[in-house]
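Each remark here refers to the structure printed beneath this line.
Any value given below was found using the heavy atoms of this structure, including those in side chains, with hydrogens, waters and symmetry copies removed. Residue numbers start from 1 in every chain, and the chains themselves are labelled A, B, ... in the order their sequence lines are given, proteins ahead of strands.
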There are 4 protein chains.
Amino acid sequence: MSRSAEARQKALTAATDLLRVRGIPGFTVEEVAKTSGVAKTTIYRHWPNADHLLAEAVSCQIAPLPTPNTGSLEGDLRAFFSAVVPPESLESLAQMLTGVLYAATYDPAIRAALEEAVSRRTGPIKTIIELAQARGEVPAYVDPERAVDLVEGPFLFAVLTGRLTFQPSEVDELLGLIVAGLTAVR
Amino acid sequence: MSRSAEARQKALTAATDLLRVRGIPGFTVEEVAKTSGVAKTTIYRHWPNADHLLAEAVSCQIAPLPTPNTGSLEGDLRAFFSAVVPPESLESLAQMLTGVLYAATYDPAIRAALEEAVSRRTGPIKTIIELAQARGEVPAYVDPERAVDLVEGPFLFAVLTGRLTFQPSEVDELLGLIVAGLTAVR
Amino acid sequence: MSRSAEARQKALTAATDLLRVRGIPGFTVEEVAKTSGVAKTTIYRHWPNADHLLAEAVSCQIAPLPTPNTGSLEGDLRAFFSAVVPPESLESLAQMLTGVLYAATYDPAIRAALEEAVSRRTGPIKTIIELAQARGEVPAYVDPERAVDLVEGPFLFAVLTGRLTFQPSEVDELLGLIVAGLTAVR
Amino acid sequence: MSRSAEARQKALTAATDLLRVRGIPGFTVEEVAKTSGVAKTTIYRHWPNADHLLAEAVSCQIAPLPTPNTGSLEGDLRAFFSAVVPPESLESLAQMLTGVLYAATYDPAIRAALEEAVSRRTGPIKTIIELAQARGEVPAYVDPERAVDLVEGPFLFAVLTGRLTFQPSEVDELLGLIVAGLTAVR
DNA sequence: TGTTAAGCGAGACGGTACGTCGCGTCTTAAT
DNA sequence: ATTAAGACGCGACGTACCGTCTCGCTTAACA
C-alpha cells in the first residue's frame with residue numbers, strides 16, 4: 001500500500017473508532033490526528049473538512065448488503081432486514097444517521113456521499129420489488145422508487161424518533177403492513 | 001408583557017428569522033443577540049444552550065395541525081397531508097429536521113421537545129387511524145403506533161434523501177400504498 | 001485594575017519573560033497563552049498578531065532614559081551611555097533589536113511603535129546636542145537629527161555585527177571620535 | 001555547467017527575484033521551488049534551511065565594492081558612498097538588512113555569511129582609514145575597527161529607522177561629521 | 001558502449017504555530 | 001433585580017510553511 005493510502009487508511013480507521021466510542025459530539029479532527037498518528041495537515045489533504053471525514057467514517061460503518069432471493073416478497077424483505085439490522089446501539093445509529101443527514105443538507109459533496117451510501121441500501125430493495133413485480137406479486141404500476149420509500153421510511157422514522165426497539169414482533173408488524181400495501185391490487 | 005418575557009420573545013423571534021434566512025449553519029447565539037438587541041447573557045438565562053434555542057425556534061415554525069374527519073381513511077389522510085405540506089423550501093425543511101433530530105440524539109431536553117413536536121403530528125394521525133378502525137376500515141389488530149410509522153415514515157425518508165418533490169402525483173402514489181397497507185385484511 | 005487590563009498585563013509580562021528566556025525564535029503566542037494563563041483568543045483581542053505582541057514585549061524592556069546635564073557634551077554622552085548600556089546579554093539584545101527592526105519593515109503599526117521606542121532614546125540625545133549647541137560646544141549649523149545618527153549609529157552597528165563587547169575602553173574610544181566629530185569647527 | 005550547479009543556480013536566481021519582488025515575508029522555499037522549477041528537495045540539498053538560502057539571496061544582491069584612492073580621506077569616503085548607495089528602494093534594503101541581521105542572531109552559519117558580506121564593505125573602509133593614517137590625516141592611535149563603526153554606523157542607523165532619504169545634502173552632512181571626528185587630534 | 005549510481009522532479013508526510021469562530025461564563029454599570 | 005455590553009477561558013477549526021521522506025527517472029561517468 002502506498003504511503004499516502006496508508007496514512008489515509010490509518011486516519012479513517014481512527015476516525016471510525018472514535019466515532020463509535022465517543023459519538024459525533026466527540027468526533028474531532030484533532031483527536032483523530034492524535035490517536036491515528038496521522039498529522040492533522042495530512043487529514044485535511046485527504047478530506048476537505050471535518051464533516052467529510054465524518055461522512056466517510058459513517059458511511060464505512062454501513063455493511064455491504066445482500067440481495068436475498070427467497071421466492072416471495074415477504075421472504076425477501078424479511079431476509080433483508082434481518083441481515084441488516086443489528087447495530088450495537090440504536091441510539092448511536094440514530095446519532096450517526098442524523099449527523100450525516102444534517103451535514104448533507106449544507107454540503108453537496110457530503111450529500112453525494114450520502115446518496116451513494118443510501119443507494120447501497122435502496123438498490124437491493126428496488127431489486128426485491130422488481131422481482132416481485134416480475135412474479136406478479138406487486139402490481140406493475142407501482143413505482144419502485146415509491147415502494148422503496150414505503151419500505152425504508154417507516155423504519156427510519158421509528159429509529160429517529162426513538163420509538164423502535166427492533167424487537168422481532170415490531171419488525172414483523174411493520175413488514176406486514178408494508179407488504180400488504182405493496183401487494184394489494186386496487 | 002413582563003420585561004423578562006419581552007426579551008425572551010424578542011430573542012425567539014430573531015432566532016426564528018435567523019433560522020429561516022441563514023439556516024442552521026448560520027444560526028448563532030451571537031447573531032441572535034446582535035439582531036434581537038437582547039444580550040447574550042439574557043439568552044442564556046432563558047435557554048440553557050444554543051441547541052435549546054434552536055430547538056424552540058424550529059418547533060415554533062411547525063404550524064398547529066388539524067384533525068380532519070372526512071369519513072374515510074384515505075380522505076382523512078389526504079386532507080391531513082394537503083393541509084400540512086408545503087414549506088417554502090424542502091431543503092430548509094430537511095435541514096431543520098435533521099439538525100434538530102441530531103441535536104435530540106445527545107440532549108435529553110431537546111429530545112423531549114422534539115417528542116412533543118412530533119406528537120403534534122402523530123396525534124392527529126393516530127386519531128385518524130383509530131377512527132378508521134372504529135369504522136372497520138382498518139383491522140383492529142393493527143397497532144396505531146406502527147400505523148403512524150407507516151404513514152409518516154415514507155414521507156420523512158423521501159424528504160431527507162431529497163427524493164420527493166411533493167408533486168401531487170407522488171403524494172397520491174405514496175398515500176395509495178399506505179392506505180392499501182393499512183386496510184388490507186390478512 | 002480592570003479585568004481586561006489585568007489579562008493584558010499578565011499576557012504582556014509572560015511575553016516579556018518568554019522573550020528574555022527563549023529569545024525570539026521561541027516566542028510564541030501559544031506559549032505566552034499557556035504560561036500566562038490568558039487565553040490565546042484574549043491575546044489576539046489585545047494585539048492584532050504575534051508581531052505586535054513581540055514589539056510591545058521588546059519595547060517594554062527598554063528602560064526609561066535619563067537626560068543628564070553635566071555641563072559638557074562629553075560628560076553628558078558618557079553619562080547617558082553608562083546609564084543605558086548593560087543588558088544581560090548583548091546577543092539577546094541584538095536578537096530583539098533585529099527582530100523588531102525587521103518586523104517594523106513590513107508592518108506600519110510596529111514601525112510606529114518602534115519609532116516611539118527609538119524616540120525615547122533619540123530624544124535625550126537630541127537634547128544633549130542642543131544644550132551643547134547653546135553652550136557653543138557644537139556648531140549651530142549641525143542638524144541635531146544627523147548628530148543623533150552619529151551618536152547612535154556606531155553603537156548600533158557594533159552591536160548588530162557583534163563587534164562590540166561594551167568594554168569601557170571601546171565605549172570611550174567611540175565616544176571620543178563622536179565628540180570630536182561633533183565639536184570640530186570646519 | 002554541471003547538472004547540480006545548474007539547479008543550484010536556477011534556485012538562487014529565483015530566490016533573488018522572489019526576494020526583490022515580494023520581500024522577506026513572501027520569501028518561501030515552496031515558492032522558490034515553484035518558480036524556479038527546482039524541486040524543494042534539491043533546494044534543501046544545497047542549503048540547510050530556508051534562512052541560509054535567504055542569506056545567500058541577500059548577499060548576492062550586494063554589489064562588489066571599490067576601494068577608491070583619491071588622496072584624501074574625505075574624497076575616498078565620498079567616492080565610496082557615492083559608488084555604493086542607491087538601491088531601488090530604501091525600504092526593501094532595510095527589510096533585507098534587518099531580516100538577515102535577525103537570522104544571523106540565531107544561526108552561526110548565517111552569522112558567518114553575514115560577516116563575510118559585511119567585511120566586503122568594512123574592508124575597503126578600513127583600507128581607506130589606514131591610508132589616511134599613513135598620510136597623517138588620521139591620528140595613529142585610532143583603532144581602524146572603531147573608525148569603521150563610526151563610518152558605517154550612522155548610515156545604518158539612519159536607514160533602519162527610516163530617517164534617511166540619502167539625499168546628497170544629508171550624506172554630505174553625515175560625512176562631514178564623520179571626517180571631522182576621525183581627523184580631529186586630541 | 002553499455003551499466004550503474006548519483007542527483008533530480010514530484011509530491012505526500014509529520015509537525016508547529018498561526019489567526020479565527022463560536023460557545024458558555026463572568027463582571028460591571030445602567031435601568 | 002434584571003438587563004445590555006462586552007471581555008474572558010476554552011476547544012476546535014482550517015491554513016501556511018517548515019524540513020523530511022519516498023519514489024521513479026534522468027544523466028553522466030565508469031567499466
Has A/Arg22 got a side-chain atom pairing as donor or acceptor with A/Thr28's backbone, closer than 3.5 angstrom?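 No; judged by distance alone, with no hydrogens or angles, the pair does not exist.
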May I ask you to decide if C/Gln61's main-chain N or O and C/Arg20's side chain share a donor-acceptor pair within less than 3.5 Å?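 Flag not set: sc C/Arg20 to bb C/Gln61 has no pair under 3.5 Å.
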Minimum-distance pair of heavy atoms, taken over all atoms of C/Ala50 and C/Phe27: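 Looking at all heavy atoms of both residues, the shortest contact is O-CE2, 4.1 Å.
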Give the minimum heavy-atom separation between C/Ala5 and C/Ser2, together with the two atoms involved.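 Scanning both residues completely, I find the closest heavy atoms to be N-OG, 3.0 Å.
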Between [atom2] of [N] and [atom1] of [X], the distance in whole Å:
{"X": "C/Leu18", "N": "E/dA17", "atom1": "CG", "atom2": "P", "value": "11 Å"}
{"X": "D/Gln9", "N": "E/dC8", "atom1": "CD", "atom2": "P", "value": "14 Å"}
{"X": "B/Ile43", "N": "E/dG22", "atom1": "CD1", "atom2": "P", "value": "14 Å"}
{"X": "B/Glu30", "N": "F/dA4", "atom1": "CD", "atom2": "P", "value": "15 Å"}
{"X": "D/Lys34", "N": "E/dG11", "atom1": "NZ", "atom2": "C1'", "value": "12 Å"}
{"X": "A/His46", "N": "F/dT15", "atom1": "NE2", "atom2": "C1'", "value": "17 Å"}
{"X": "C/Phe27", "N": "E/dT16", "atom1": "CZ", "atom2": "C1'", "value": "16 Å"}

For the residue pair D/Thr161 and C/Glu115, establish whether any side-chain heavy-atom pair is separated by less than 4.5 Å.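 No, their side chains stay 4.5 Å or more apart.
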Just so I know, are the side chains of D/Asp17 and D/Thr35 near enough to count as touching, which here means a heavy-atom distance under 4.5 Å?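 No - every pair of side-chain heavy atoms lies 4.5 Å or more apart.
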Give a yes/no on whether any side-chain N or O of C/Ser2 is located under 4.0 angstrom from OP1 or OP2 of E/dT28.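 Answer is no, no contact under 4.0 Å.
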Can you check whether D/Thr42 has a side-chain N or O nearer than 4.0 Å to OP1 or OP2 of E/dG9?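 Yes, D/Thr42 has a side-chain N/O under 4.0 Å of OP1/OP2 on E/dG9.
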Distances for protein N/O vs nucleotides 3-5 of chain E N/O pairs under 3.5 angstrom?
none

Working to the nearest 0.5 Å, report the span between [atom1] of [X] and [atom2] of [Y].
{"X": "C/Ser36", "Y": "C/Leu12", "atom1": "OG", "atom2": "CG", "value": "10.0 Å"}
{"X": "C/Leu114", "Y": "D/Leu160", "atom1": "CG", "atom2": "CG", "value": "9.5 Å"}
{"X": "D/Ile24", "Y": "D/Leu18", "atom1": "CD1", "atom2": "CG", "value": "11.0 Å"}

Kindly express the pairing pattern of DNA chain E in dot-bracket notation, using | wherever a base pairs with another strand and counting only Watson-Crick or G-U pairs under 3.5 Å. |||||||||||||||||||||||||||||||
Want to settle it: does A/Glu31 or C/Ala5 sit nearer the 5' end of DNA chain F, counting the closest nucleotide to each?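 By nearest-heavy-atom nucleotide position, the 5'-most residue is C/Ala5.
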Electrostatic pair A/Glu56-A/Arg8, nearest N-O below 4.0 angstrom: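 Judged by the 4.0 Å cut-off on N to carboxylate O distance, A/Glu56 and A/Arg8 do form a salt bridge.
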Among F/dC17, E/dG15, E/dA17, which nucleotide sits nearest the side chain of A/Ala39?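 Given the options F/dC17, E/dG15, E/dA17, the side chain of A/Ala39 is closest to E/dG15.
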Which residue lies more 5' along DNA chain E, comparing A/Val38 with C/Pro25 via nearest heavy atoms: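 On the 5' side of the pair lies A/Val38.
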Take C/Lys10 and C/Glu6 through the test salt bridge (Lys or Arg N to Asp or Glu O under 4.0 Å) and record every step on the way to the result. CA-CA 6 Å; C/Lys10 279 202 298 185; C/Glu6 193 177 345; 5.3 Å; no
Can you check each nucleotide of nucleotides 20-31 of chain F against protein heavy atoms at under 4.0 Å and return B for base, S for sugar-phosphate only, - for none, in 5' to 3' order? BB----BS----
According to the salt bridge (Lys or Arg N to Asp or Glu O under 4.0 Å) rule, which pairs have a member within residues 34-46 of chain B, sequence neighbours left out?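 For residues 34-46 of chain B, and leaving out neighbouring residues, the salt bridge (Lys or Arg N to Asp or Glu O under 4.0 Å) pairs sorted by first residue read B/Glu30-B/Lys40.
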With side chain to side chain contact (heavy atoms under 4.5 Å, CB included) as the test, pick out the partner of C/Leu19 among C/Val32, C/Leu53, C/Leu54.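 That would be C/Leu54; it is the only one of C/Val32, C/Leu53, C/Leu54 passing the side chain to side chain contact (heavy atoms under 4.5 Å, CB included) with C/Leu19.
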Residues of residues 49-57 of chain D with any non-hydrogen atom less than 4.0 angstrom from an atom of DNA chain F: list those, numerically ordered, please.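 Going residue by residue through residues 49-57 of chain D, the ones with a heavy atom under 4.0 Å of DNA chain F turn out to be D/Asn49, D/Ala50.
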Which pairs would a plain distance check flag for residues 97-106 of chain C, meaning a side-chain donor or acceptor within less than 3.5 Å of a matching protein atom at least two apart in sequence or in another chain?
unit_1: C/Thr98; atom_1: OG1; unit_2: C/Ala94; atom_2: O; d: 2.8
unit_1: C/Thr98; atom_1: OG1; unit_2: C/Gln95; atom_2: O; d: 3.0
unit_1: C/Thr105; atom_1: OG1; unit_2: C/Tyr102; atom_2: O; d: 2.5
unit_1: C/Thr105; atom_1: OG1; unit_2: D/Gln95; atom_2: NE2; d: 3.4
unit_1: C/Tyr106; atom_1: OH; unit_2: C/Asp51; atom_2: OD2; d: 2.6

